[in-house]
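Down below is the structure, laid out as structure tokens.
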Amino acid sequence: QLQLVESGGGLVQPGGSLRLSCAASGSSLTLDYYSVGWFRQAPGKEREGVSCISSRGGTKIHIDSVKGRFSISRDSAKNTVYLQMNSLKPEDTAVYYCAADLYYLCSTPINTDLTYWGEGTPVIVSS
């Protein structure tokens, strides 16, 4: 069974950068075979899809509020998907989750219909 572990969250000042990692293990298939999404949930709000990368990386999607600031990518050798977050704003504060699914199609809106989820990593943007 695929297991996902997020890391890289923390406290950062507005305008700063963080790189989140989503490391996979436990599956006979590498993460390249899975579509992977990044989601976030702020206190009192619903979980929101932020970015998605299709299997093999052919499609990458970001929601409008993060376009030009966030970038999703894969490192096949490390079986890991990254979310590079630049020019962070206080409204980016949330717990960030990665999720993966063999059959998920990356499209907008980025819904939560993925099978495997990590436990999340908190991101706090504050001065």
Side-chain angles (χ1 to χ4, degrees):
Q1 176 141 345
L2 184 70
Q3 295 177 327
L4 302 172
V5 178
E6 303 96 335
S7 62
L11 173 64
V12 63
Q13 292 186 342
S17 297
L18 286 173
R19 188 178 76 162
L20 305 184
S21 299
C22 174
S25 64
S27 173
S28 58
L29 298 175
T30 68
L31 199 55
D32 282 356
Y33 285 86
Y34 296 79
S35 292
V36 177
W38 280 99
F39 298 80
R40 64 187 179 187
Q41 188 164 18
K45 295 188 176 181
E46 292 189 355
R47 192 166 295 187
E48 173 187 43
V50 175
S51 300
C52 186
I53 186 167
S54 64
S55 59
R56 305 296 185 177
T59 299
K60 298 178 183 180
I61 292 175
H62 303 279
I63 57 172
D64 287 346
S65 61
V66 307
K67 279 182 181 177
R69 300 189 298 122
F70 289 13
S71 177
I72 191 169
S73 64
R74 292 183 182 272
D75 186 331
S76 300
K78 295 184 178 180
N79 213 26
T80 298
V81 168
Y82 299 103
L83 185 68
Q84 177 68 43
M85 305 188 297
N86 300 324
S87 302
L88 282 161
K89 304 176 181 180
E91 50 263 44
D92 295 318
T93 294
V95 177
Y96 283 72
Y97 302 87
C98 67
D101 194 280
L102 280 173
Y103 307 108
Y104 185 81
L105 297 178
C106 290
S107 63
T108 53
I110 303 170
N111 64 53
T112 58
D113 293 339
L114 294 93
T115 302
Y116 305 101
W117 288 81
E119 294 295 316
T121 184
V123 171
I124 302 171
V125 185
S126 175
S127 55

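Computed over heavy atoms, backbone and side chain alike; hydrogens, waters and symmetry mates excluded.
The OG1 atom of Thr121 sits 8.5 Å away from atom CG of Leu18, with the distance rounded to the nearest 0.5 Å. Note: Asp101 CG to Asp113 CG = 8.5 Å, rounded to the nearest 0.5 Å. The distance from atom OG of Ser28 to atom OH of Tyr33, rounded to the nearest 0.5 Å, is 9.5 Å. Note that CE of Met85 and CG of Asp92 are 7.0 Å apart. Values are rounded to the nearest 0.5 Å. Note that the OG atom of Ser71 and the NZ atom of Lys60 stand 5.5 Å from one another [nearest 0.5 Å]. Rounding to the nearest 0.5 angstrom, the gap separating the CG atom in Leu102 from the CG atom in Leu2 is 8.0 Å.
The side-chain heavy atoms of Cys52 and Tyr104, taken from C-beta on, include a pair separated by under 4.5 Å. The closest side-chain heavy-atom distance from Ile61 to Ile72 is not below 4.5 Å. Side-chain contact check for Ser35 versus Leu105: every heavy-atom pair is 4.5 Å or farther apart. Using a 4.5 Å cut-off on side-chain heavy atoms (C-beta onward), Arg74 and Val36 make contact. Annotation: side chain of Leu4 is in contact with side chain of Leu31 (closest heavy-atom distance under 4.5 Å). Looking at heavy atoms from C-beta onward, Leu20 lies out of side-chain contact with Glu6 at the 4.5 angstrom threshold.
The two residues Gln84 and Ser17 come nearest to each other via the heavy atoms NE2-CB, 4.0 Å. When all heavy atoms of Ser54 and Cys106 are compared, the closest pair comes out as N-SG, 3.6 Å.
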Evaluate side chain to side chain donor-acceptor pair (under 3.5 Å) for Ser27 paired with Tyr34, printing each intermediate quantity in order. CA-CA 11 Å; Ser27 173; Tyr34 296 79; 2.9 Å; yes
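Note: Tyr97 and Trp117 have perpendicular aromatic rings, judged against thresholds of 30 and 60 degrees for the angle between ring planes.
In this structure a side-chain-to-backbone donor-acceptor pair under 3.5 Å is present from Thr93 to Val125.
Atom CD of Glu119 is surrounded by 12 or fewer heavy atoms from other residues, nucleotides or ligands within 6.0 Å. Around CD of Glu91, the count of heavy atoms belonging to other residues, nucleotides or ligands within 6.0 Å exceeds 12. In this structure, Leu29 places its CG atom where more than 12 heavy-atom neighbours from other residues, nucleotides or ligands lie under 6.0 Å away.
The aromatic ring centres of Trp38 and Phe70 sit 6.0 Å or more apart.
Each of Arg40, Lys67, His62 was compared with Ser51 under the side-chain hydrogen bond (donor to acceptor under 3.5 Å, both in side chains) criterion, and only His62 meets it.
Criterion: ILVMFWY side-chain heavy atoms under 4.5 Å apart, direct or through other members. Under it, Tyr82 and Leu88 are not part of a common hydrophobic cluster.
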